[in-house]
Student: 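Got a structure for you, written out below as C-alpha coordinates; questions coming shortly.
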Amino acid sequence: MLQRLLSTLWHLLPLPCCLCGLKSDTDYNLCLDCQASLPWQQHVCQQCAVALPETAGISCGPCLQRPPMHTQLLAAFFYQGAIESLIYHFKFGQGLDTGLVLAKCLYQYLLTKPRQRWPDCLIPVPLHVKRLRKRGYNQAAELGKHLACWLSIPIHLHSCQRVHHTPAQTRIAPRDRRRNMHGAFKVSPQFKAKHVAIIDDVYTSGSTTRELCRMLKRAGVETIEIWVVARAGLGSRSGS
Ligand SMILES: [Zn+2]
Ligand SMILES: [Zn+2]
(Lines give C-alpha, C1' and ligand atoms only; values in the text may rest on other atoms or scores of the structure.)
(Ligands and ions follow the chains in the order given, each with its own letter.)
Protein backbone atom coordinates (compact mmCIF):
# COMPACT_ATOMS: atom_id res chain seq x y z
CA MET A 1 0.00 0.00 0.00
CA LEU A 2 2.72 2.45 1.10
CA GLN A 3 4.85 1.36 -1.84
CA ARG A 4 2.00 2.04 -4.28
CA LEU A 5 1.40 5.46 -2.74
CA LEU A 6 5.10 6.35 -3.00
CA SER A 7 5.20 5.15 -6.59
CA THR A 8 2.16 7.32 -7.48
CA LEU A 9 3.74 10.35 -5.80
CA TRP A 10 7.00 9.69 -7.64
CA HIS A 11 5.25 9.70 -10.99
CA LEU A 12 3.48 12.97 -10.17
CA LEU A 13 6.78 14.73 -9.47
CA PRO A 14 8.13 16.80 -12.38
CA LEU A 15 11.09 15.06 -14.06
CA PRO A 16 14.46 16.77 -13.58
CA CYS A 17 16.30 17.55 -16.82
CA CYS A 18 19.21 15.13 -17.28
CA LEU A 19 21.50 17.98 -18.37
CA CYS A 20 20.70 21.02 -16.20
CA GLY A 21 18.89 19.29 -13.34
CA LEU A 22 16.05 21.82 -13.43
CA LYS A 23 12.41 20.83 -13.87
CA SER A 24 11.80 19.37 -17.30
CA ASP A 25 8.87 20.73 -19.28
CA THR A 26 8.66 17.61 -21.45
CA ASP A 27 7.30 14.15 -20.64
CA TYR A 28 10.87 12.80 -20.54
CA ASN A 29 13.86 14.14 -18.62
CA LEU A 30 15.27 16.80 -20.94
CA CYS A 31 14.05 20.38 -20.75
CA LEU A 32 13.22 22.31 -23.92
CA ASP A 33 16.12 24.77 -23.47
CA CYS A 34 18.70 22.00 -23.16
CA GLN A 35 17.09 20.14 -26.04
CA ALA A 36 17.41 23.22 -28.27
CA SER A 37 21.06 23.65 -27.29
CA LEU A 38 22.07 20.15 -28.50
CA PRO A 39 24.18 19.79 -31.71
CA TRP A 40 21.27 18.98 -34.08
CA GLN A 41 22.23 18.17 -37.65
CA GLN A 42 21.14 20.79 -40.14
CA HIS A 43 22.32 20.88 -43.73
CA VAL A 44 24.02 17.52 -44.28
CA CYS A 45 24.57 14.94 -47.03
CA GLN A 46 21.51 12.68 -47.09
CA GLN A 47 23.66 9.56 -47.48
CA CYS A 48 26.59 10.07 -45.14
CA ALA A 49 25.42 12.99 -42.96
CA VAL A 50 28.56 15.11 -43.30
CA ALA A 51 27.89 18.83 -43.03
CA LEU A 52 27.42 20.54 -46.41
CA PRO A 53 27.53 24.22 -47.34
CA GLU A 54 24.07 25.83 -47.45
CA THR A 55 24.31 26.14 -51.22
CA ALA A 56 25.23 22.48 -51.87
CA GLY A 57 22.84 19.82 -53.15
CA ILE A 58 21.52 16.89 -51.13
CA SER A 59 24.56 14.60 -51.48
CA CYS A 60 28.28 15.20 -51.03
CA GLY A 61 30.85 14.58 -53.79
CA PRO A 62 32.10 11.19 -52.50
CA CYS A 63 28.50 9.86 -52.18
CA LEU A 64 27.68 11.02 -55.71
CA GLN A 65 30.79 9.34 -57.09
CA ARG A 66 30.48 6.16 -55.07
CA PRO A 67 26.89 5.81 -53.79
CA PRO A 68 26.62 3.77 -50.59
CA MET A 69 24.30 0.74 -50.35
CA HIS A 70 21.83 2.59 -48.15
CA THR A 71 19.53 5.26 -49.56
CA GLN A 72 19.71 7.65 -46.64
CA LEU A 73 21.40 8.13 -43.30
CA LEU A 74 19.36 10.05 -40.75
CA ALA A 75 21.42 11.18 -37.74
CA ALA A 76 19.75 13.53 -35.29
CA PHE A 77 23.00 14.99 -33.96
CA PHE A 78 26.66 15.56 -34.55
CA TYR A 79 28.58 13.41 -32.06
CA GLN A 80 29.93 16.15 -29.83
CA GLY A 81 29.44 17.96 -26.50
CA ALA A 82 26.52 16.84 -24.36
CA ILE A 83 25.47 14.20 -26.91
CA GLU A 84 28.78 12.40 -26.51
CA SER A 85 28.31 12.16 -22.73
CA LEU A 86 24.63 11.16 -23.00
CA ILE A 87 25.47 8.34 -25.40
CA TYR A 88 28.35 7.23 -23.20
CA HIS A 89 26.03 7.08 -20.18
CA PHE A 90 23.39 5.22 -22.20
CA LYS A 91 25.89 2.61 -23.44
CA PHE A 92 28.26 2.14 -20.56
CA GLY A 93 26.44 3.51 -17.51
CA GLN A 94 23.29 1.38 -17.59
CA GLY A 95 21.49 4.59 -18.62
CA LEU A 96 18.28 3.22 -20.07
CA ASP A 97 16.45 6.43 -19.04
CA THR A 98 19.02 8.36 -21.12
CA GLY A 99 18.25 5.96 -23.98
CA LEU A 100 14.62 7.06 -23.82
CA VAL A 101 15.67 10.73 -24.08
CA LEU A 102 17.92 9.98 -27.07
CA ALA A 103 15.21 7.90 -28.77
CA LYS A 104 12.75 10.77 -28.31
CA CYS A 105 15.20 13.21 -29.95
CA LEU A 106 15.78 10.84 -32.87
CA TYR A 107 12.00 10.37 -33.23
CA GLN A 108 11.48 14.15 -33.36
CA TYR A 109 14.26 14.47 -35.95
CA LEU A 110 12.73 11.71 -38.13
CA LEU A 111 9.40 13.53 -38.13
CA THR A 112 11.02 16.66 -39.59
CA LYS A 113 12.10 14.75 -42.72
CA PRO A 114 9.53 14.59 -45.52
CA ARG A 115 8.98 11.06 -46.82
CA GLN A 116 6.60 9.08 -48.99
CA ARG A 117 6.57 5.96 -46.90
CA TRP A 118 7.96 4.53 -43.72
CA PRO A 119 10.05 1.33 -43.73
CA ASP A 120 8.34 -2.06 -43.46
CA CYS A 121 10.38 -2.86 -40.36
CA LEU A 122 13.19 -1.71 -38.08
CA ILE A 123 16.40 -3.68 -37.60
CA PRO A 124 18.63 -2.69 -34.67
CA VAL A 125 22.30 -3.51 -35.28
CA PRO A 126 22.68 -6.80 -33.37
CA LEU A 127 25.24 -7.27 -30.62
CA HIS A 128 27.14 -10.50 -30.27
CA VAL A 129 25.72 -12.60 -27.46
CA LYS A 130 28.96 -12.21 -25.47
CA ARG A 131 28.75 -8.42 -25.50
CA LEU A 132 25.00 -8.56 -24.87
CA ARG A 133 25.57 -10.65 -21.75
CA LYS A 134 28.25 -8.26 -20.53
CA ARG A 135 26.18 -5.09 -21.05
CA GLY A 136 22.80 -6.61 -20.26
CA TYR A 137 21.06 -4.85 -23.18
CA ASN A 138 21.60 -3.88 -26.78
CA GLN A 139 21.52 -0.09 -26.97
CA ALA A 140 20.40 -0.17 -30.63
CA ALA A 141 17.50 -2.49 -29.74
CA GLU A 142 16.45 -0.20 -26.87
CA LEU A 143 16.30 2.78 -29.25
CA GLY A 144 14.51 0.65 -31.83
CA LYS A 145 11.84 -0.55 -29.39
CA HIS A 146 10.86 3.02 -28.52
CA LEU A 147 10.80 4.09 -32.19
CA ALA A 148 8.82 1.00 -33.23
CA CYS A 149 6.21 1.80 -30.61
CA TRP A 150 5.90 5.54 -31.44
CA LEU A 151 5.91 4.97 -35.23
CA SER A 152 3.88 1.72 -35.19
CA ILE A 153 6.48 -0.09 -37.29
CA PRO A 154 7.38 -3.74 -36.57
CA ILE A 155 10.82 -4.36 -35.10
CA HIS A 156 12.92 -7.46 -35.84
CA LEU A 157 15.11 -8.35 -32.89
CA HIS A 158 16.13 -11.84 -34.00
CA SER A 159 16.09 -11.83 -37.82
CA CYS A 160 19.68 -10.61 -37.93
CA GLN A 161 22.36 -12.02 -35.70
CA ARG A 162 25.93 -11.12 -35.02
CA VAL A 163 27.79 -14.35 -35.50
CA HIS A 164 31.36 -13.11 -35.00
CA HIS A 165 32.57 -11.56 -31.80
CA THR A 166 34.61 -8.74 -33.34
CA PRO A 167 36.80 -6.28 -31.41
CA ALA A 168 35.11 -2.90 -30.82
CA GLN A 169 35.47 -0.83 -34.01
CA THR A 170 36.88 2.11 -32.07
CA ARG A 171 39.87 0.00 -31.00
CA ILE A 172 41.10 -0.72 -34.51
CA ALA A 173 42.54 1.39 -37.30
CA PRO A 174 39.95 2.77 -39.75
CA ARG A 175 41.50 0.87 -42.68
CA ASP A 176 41.06 -2.45 -40.85
CA ARG A 177 37.42 -1.88 -39.82
CA ARG A 178 35.84 -3.24 -42.98
CA ARG A 179 37.85 -6.45 -42.77
CA ASN A 180 37.03 -6.71 -39.06
CA MET A 181 33.31 -6.72 -39.89
CA HIS A 182 33.36 -9.11 -42.84
CA GLY A 183 30.96 -12.01 -42.20
CA ALA A 184 29.94 -10.56 -38.82
CA PHE A 185 26.19 -10.86 -39.48
CA LYS A 186 23.74 -13.54 -40.51
CA VAL A 187 20.21 -12.84 -41.75
CA SER A 188 17.53 -15.45 -41.12
CA PRO A 189 16.39 -17.22 -44.33
CA GLN A 190 12.79 -16.51 -43.28
CA PHE A 191 13.36 -12.75 -43.25
CA LYS A 192 11.31 -10.96 -45.92
CA ALA A 193 11.14 -7.18 -46.33
CA LYS A 194 11.66 -4.70 -49.14
CA HIS A 195 12.31 -1.51 -47.19
CA VAL A 196 14.04 -1.49 -43.80
CA ALA A 197 15.65 0.97 -41.40
CA ILE A 198 18.78 -0.11 -39.55
CA ILE A 199 18.96 1.44 -36.08
CA ASP A 200 22.17 2.23 -34.18
CA ASP A 201 23.37 4.71 -31.60
CA VAL A 202 26.37 6.18 -33.45
CA TYR A 203 27.48 6.09 -37.09
CA THR A 204 31.21 6.58 -37.52
CA SER A 205 32.69 5.34 -40.76
CA GLY A 206 29.86 3.03 -41.73
CA SER A 207 31.76 -0.26 -41.79
CA THR A 208 29.30 -1.99 -39.41
CA THR A 209 26.17 -0.87 -41.24
CA ARG A 210 27.83 -1.46 -44.62
CA GLU A 211 28.32 -5.12 -43.78
CA LEU A 212 24.74 -5.41 -42.46
CA CYS A 213 23.46 -3.70 -45.64
CA ARG A 214 25.39 -6.23 -47.71
CA MET A 215 23.69 -9.14 -45.94
CA LEU A 216 20.24 -7.52 -46.09
CA LYS A 217 20.58 -6.85 -49.83
CA ARG A 218 21.58 -10.45 -50.29
CA ALA A 219 18.36 -11.38 -48.44
CA GLY A 220 16.33 -9.39 -50.99
CA VAL A 221 15.93 -6.02 -49.26
CA GLU A 222 15.74 -3.22 -51.85
CA THR A 223 15.71 -0.01 -49.82
CA ILE A 224 17.78 0.49 -46.68
CA GLU A 225 17.76 3.55 -44.46
CA ILE A 226 20.04 4.04 -41.47
CA TRP A 227 18.74 5.86 -38.41
CA VAL A 228 21.18 6.81 -35.67
CA VAL A 229 21.29 9.21 -32.76
CA ALA A 230 24.60 10.77 -33.79
CA ARG A 231 27.11 11.00 -36.60
CA ALA A 232 30.75 10.76 -35.51
CA GLY A 233 34.10 10.66 -37.30
CA LEU A 234 33.25 13.36 -39.81
CA GLY A 235 35.58 13.85 -42.69
CA SER A 236 36.22 10.15 -43.28
CA ARG A 237 34.16 7.39 -44.85
CA SER A 238 36.68 4.70 -44.04
CA GLY A 239 35.81 3.78 -40.41
CA SER A 240 31.73 1.85 -37.55
ZN1 LIG B 1 17.80 21.31 -19.00
ZN1 LIG C 1 27.83 11.98 -48.45
Side-chain angles (χ1 to χ4, degrees), residues 13-90 93 95-110 112-115 169 174-175 177-178 181 197-198 200 202-214 217 223-240:
L13 288 172
L15 291 166
C17 169
C18 63
L19 288 177
C20 68
L22 300 176
K23 176 181 162 301
S24 171
D25 27 22
T26 62
D27 59 351
Y28 49 100
N29 47 347
L30 182 66
C31 75
L32 290 173
D33 284 346
C34 286
Q35 187 171 303
S37 71
L38 292 172
W40 292 93
Q41 284 221 317
Q42 301 254 327
H43 195 64
V44 292
C45 167
Q46 67 168 2
Q47 283 161 311
C48 70
V50 298
L52 291 178
E54 288 286 327
T55 50
I58 54 171
S59 295
C60 70
C63 286
L64 285 172
Q65 283 164 13
R66 197 158 51 97
M69 275 184 274
H70 59 267
T71 54
Q72 65 173 347
L73 164 64
L74 294 170
F77 300 108
F78 292 106
Y79 187 63
Q80 53 190 226
I83 281 299
E84 220 174 319
S85 5
L86 289 176
I87 290 178
Y88 187 87
H89 181 246
F90 172 39
L96 289 174
D97 50 343
T98 308
L100 170 67
V101 169
L102 295 170
K104 202 80 180 190
C105 291
L106 176 53
Y107 170 67
Q108 288 171 359
Y109 183 76
L110 293 172
T112 65
K113 300 288 159 194
R115 63 168 58 241
Q169 290 290 78
R175 67 176 182 281
R177 290 182 184 175
R178 190 183 293 205
M181 290 312 299
I198 294 174
D200 209 355
V202 180
Y203 181 100
T204 304
S205 63
S207 48
T208 304
T209 45
R210 193 182 298 120
E211 179 60 14
L212 191 49
C213 281
R214 193 174 73 82
K217 290 254 164 169
T223 308
I224 304 176
E225 299 183 34
I226 299 172
W227 299 352
V228 295
V229 173
R231 170 65 157 105
L234 293 169
S236 158
R237 290 184 63 204
S238 56
S240 97

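Each ligand, and each atom within it, is numbered from 1 in the order the structure gives. All values below were derived from every heavy atom in this structure, side-chain atoms included, with hydrogens, water molecules and symmetry-related copies excluded. Start at 1 with the first residue, then count along the sequence.
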Student: Given the rule in the side-chain contact (heavy atoms from CB on, under 4.5 Å) test, do Val50 and Arg231 qualify, once you have shown the distances and angles that lead to the verdict?
Tutor: CA-CA 8 Å; Val50 298; Arg231 170 65 157 105; 3.8 Å; yes
Student: Could you tell me the angle subtended at the Zn ion (ligand 2) by SG of Cys48 and SG of Cys60, rounded to 10°?
Tutor: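 Answer comes to 110°, rounded to 10°.
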Student: Would you give the angle at the Zn ion (ligand 2) between Cys45 atom SG and Cys63 atom SG, to the nearest 10°?
Tutor: 110°
Student: At the Zn ion (ligand 1), what angle lies between atom SG of Cys31 and atom SG of Cys34, rounded to 10 degrees?
Tutor: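 Output for this angle: 100°, rounded to tens.
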Student: Quick one: closest heavy-atom pair of Trp227 and Ala197, and the distance?
Tutor: CE2-CB, 3.6 Å
Student: In plain terms, say whether Glu225 and Lys113 are close enough for a salt bridge, that is, a side-chain N and a carboxylate O under 4.0 Å apart.
Tutor: no
Student: Give the ring-plane orientation class for Phe77 versus Trp40, where under 30° counts as parallel, over 60° as perpendicular and anything between as tilted.
Tutor: tilted
